[in-house]
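Below, all heavy atoms of this structure are taken into account, side chains as well, without hydrogens, waters or symmetry copies. Just so you know, ligand 1 is whichever comes first in the structure, and atom 1 is the first atom listed for that ligand.
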Amino acid sequence: MVQEKVKVREKKVESLPPKENFSEWYHELIQRAELMDVRYPVKGLYVWFPFGFKLRQLVYGKLREIMDRDHNEVYFPTLIPETELGKEGEHIKGFEDEVYWVTHGGLDELDIKLALRPTSETAMYPMFKLWIRSHSDMPLRVYQIVNIFRYETKHTRPMIRLREITSFKEAHTVHRNFEEAEEQVKMAINLYKEFYDFLGIPYMVFKRPEWDKFPGAAYTIAFDTIMPDGKTMQIGTVHHLADNFAKTFDIKYETPEGDHNLTHQTCYGISERCVAALISIHGDDQGLVLPFEVSPVQFVIIPVLYKGKEEAVMEKARGIERKLKEMGYRVVLDDSDDRPGSKYYKWELKGAAIRIEIGPKEVEENEVTISFRDEKKKSRINSTEITKENIERWATEMKGRMRNKAFEEMRARVKYFDVIDDIKDWVEKGVALVHFCMSEDCAETIEKDTSAGILGSFEEAEGWFEGEYVGECIVCGGRGVLSAISKAY
Ligand code: P5A
């Protein structure tokens with residue numbers, strides 16, 4: 001007997017632009033998958049839709065879990081008096097073009113202008129001066145996840161270049177000396193590696209050149225990933241501040257011998273660029289592809305209804321929904337009257353990690369049809385195979401595939417050069433590795449010849465380059481170290 005499908009709603013949906021046109025794809029995807037609404041009427045400010053906010057919450061949940069192990073969460077105010085913000089000379093020089101000022105309270109002009117924090121060093125460190133008394137008060141490690149404001153003049157883009165960064169995870173630490181702060185820098189690098197490894201996002205770690213370090217830092221370590229258009233994006237930074245800010249804010253402690261020494265500090269930050277990287281690197285022509293752990297919809301169950309069999313199919317679908325929810329997973333049973341094809345389309349767009357289809361055949365044989373978002377194939381499994389143990393294995397395997405694919409794609413965009421003229425075309429689509437002396441003059445030559453910039457010297461080249469770390473500078477022939485050149489976001 002031929003089974004007759006239940007009549008369903010036909011909905012025409014426009015497909016996404018192909019990912020090849022990255023900029024368009026990104027812009028369309030974040031709207032259509034309901035991550036961010038870009039229609040807010042202030043440049044560089046965007047609205048998180050509920051679905052996008054859920055993704056943000058899941059990603060930041062991991063970041064919190066990592067930070068909470070040895071940092072305490074705090075909250076410092078949004079407004080910073082001009083007098084504090086301006087104290088550290090280098091710091092204010094770096095930020096003065098980017099600060100939003102509050103000048104009035106109602107109709108009254110304020111005595112001291114207040115800055116909307118562009119980052120919180122100058123909000124926190126005057127208080128650290130009060131908190132730190134003795135050597136036993138250290139290490140002090142705190143973090144907060146807050147919004148900050150930067151009046152960016154370059155092209156703004158949701159999650160990538162914002163004027164209100166809504167999800168700025170900033171950590172600040174205080175130590176007894178330079179070496180202990182340096183240990184903290186290493187620890188922070190490892191924490192960020194753990195975070196990005198968890199998301200399956202490949203990265204390179206650089207020491208930024210002198211002219212590109214964080215304003216007020218002794219040195220800056222940066223994480224960069226390569227976006228699908230071949231440009232690099234800085235997805236996190238770790239700064240050794242030495243005693244620069246301690247001098248400005250007079251942060252001192254008493255040693256066991258009774259001396260009074262300046263503290264050394266570090267700070268490190270990650271913004272919602274981590275979410276931008278996640279969706280850009282793993283996404284495909286159909287939409288979001290998300291690791292199981294952070295997907296707002298881990299399972300979507302799609303009933304395939306045939307006349308006379310609706311009840312049996314729905315009953316099984318509800319049973320599986322209940323079972324998965326009891327196991328603690330995020331599940332959607334899509335029982336809307338759209339046709340299965342539209343449902344597949346919708347949940348692919350939204351990156352549902354695992355799809356389970358149930359029709360009359362599956363009911364008869366106590367099976368389900370299962371597919372993973374990152375793969376094109378479907379398979380039939382027995383319903384009893386849906387166990388916590390198997391699900392965890394599927395999640396791990398899926399992450400492994402996603403990470404490998406992302407890593408291979410990124411590796412294909414990294415290439416070593418020893419002749420400047422060959423670089424110009426390559427940086428349109430990837431990163432050029434070179435030996436470089438780190439002088440500003442040579443960097444200017446590179447920028448003039450290639451329209452791309454120096455990312456810095458590699459902290460660890462493993463996985464990206466097999467050759468010698470030291471070699472002749474590609475510009476002057478002097479002593480160079482392994483460095484990278486790219487066009488950056
Ligand atoms: C570290 C935390 C700092 O501000 N102070 C506290 C230090 N470092 S940073 O490099 O300036 O910023 C940290 C990371 O934030 C991201 N970021 C942005 N994301 C979106 N829009 C922006 N306008 C923006 N500016 C910075 C970068 O990933 C940066 O590494």
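- Remark: aromatic rings of Phe195 and Tyr60 are distant, center separation not under 6.0 Å.
- Contact analysis leaves Thr220 out of contact with ligand 1, as no non-hydrogen atom separation drops below 4.0 angstrom.
- Nearest protein neighbour of atom 9 (S) of ligand 1, counting heavy atoms only, is Thr237 OG1, 3.6 Å.
- Ranked by closest heavy atom to atom 22 (C) of ligand 1, the top entry among Thr156, Ile148, Ile165 is Ile165.
- Between atom 16 (C) of ligand 1 and the options Ser271, Ser167, Ala188, Gly216, the minimum heavy-atom separation is to Ser271.
- Those atoms of ligand 1 that come under 4.0 Å of a heavy atom in Arg161, given as number and element, are 21 (N).
- Look at Phe168 and you'll find a heavy atom under 4.0 Å from some atom of ligand 1.
- Checked for salt-bridge contact, Lys247 and Asp243 meet the test: a charged N lies under 4.0 Å from a carboxylate O.
- Every atom of ligand 1 with a heavy atom of Gly236 under 4.0 Å away is listed here by number and element: 28 (O), 30 (O).
- Contact annotation: for His239 versus ligand 1, heavy atoms closer than 4.0 Å belong to the side chain alone.
- Between Trp131 and Phe76, the distance from one ring center to the other falls under 6.0 angstrom.
- Considering only non-hydrogen protein atoms, atom 25 (N) of ligand 1 sits nearest to Arg150 NH1, 3.4 Å.
- One N or O on the side chain of Asn244 and one on the backbone of Gly216 form a donor-acceptor pair closer than 3.5 Å.
- With hydrogens and angles left out, the side-chain atoms of His239 and Thr220 include a donor and acceptor closer than 3.5 Å.
- Listed by atom number, the atoms of ligand 1 under 4.0 Å from Ile235 heavy atoms are 28 (O).
- Side-chain atoms of Thr255 and Arg176 form no donor-acceptor pair, as typed in the model, at a separation below 3.5 Å.
- In terms of modelled atom types and a separation under 3.5 Å, the side chain of Gln31 and the main chain of Val38 share a donor-acceptor contact.
- Between Tyr268 and the options Val185, Ile221, Thr173, Thr237, a side-chain contact (heavy atoms from CB on, under 4.5 Å) holds for only Thr173.
- Within the set Met233, Glu170, Glu121, Arg163, the minimum heavy-atom distance to atom 5 (N) of ligand 1 is found for Glu121.
- Not a single heavy atom of Lys169 lies less than 4.0 angstrom from ligand 1.
- Taking atom 20 (C) of ligand 1 as the reference point, the nearest protein heavy-atom neighbour is Ile160 O, 3.3 Å.
- Those atoms of ligand 1 with a heavy atom of Phe214 less than 4.0 angstrom away are 3 (C), 4 (O), 5 (N), 7 (C), 8 (N), 11 (O).
- With 3.5 Å as the limit, one finds a donor-acceptor pair spanning the side chains of Thr166 and Glu272.
- Proximity of a side-chain donor or acceptor of Trp25 to a complementary backbone N or O of Asp284 within less than 3.5 Å is detected.
- From the protein, the heavy atom lying nearest to atom 30 (O) of ligand 1 is Gln234 NE2, 2.6 Å.
- No side-chain donor from either of Glu164 and Tyr100 sits under 3.5 Å from a side-chain acceptor of the other.
- Of all atoms in ligand 1, listed by their number and element, those nearer than 4.0 Å to a heavy atom of Glu152 are 22 (C), 23 (N), 25 (N).
- From the protein, the heavy atom lying nearest to atom 21 (N) of ligand 1 is Leu162 N, 3.0 Å.
- Distance from atom 14 (C) of ligand 1 to its nearest protein heavy atom, with residue and atom name: Gly269 O, 3.9 Å.
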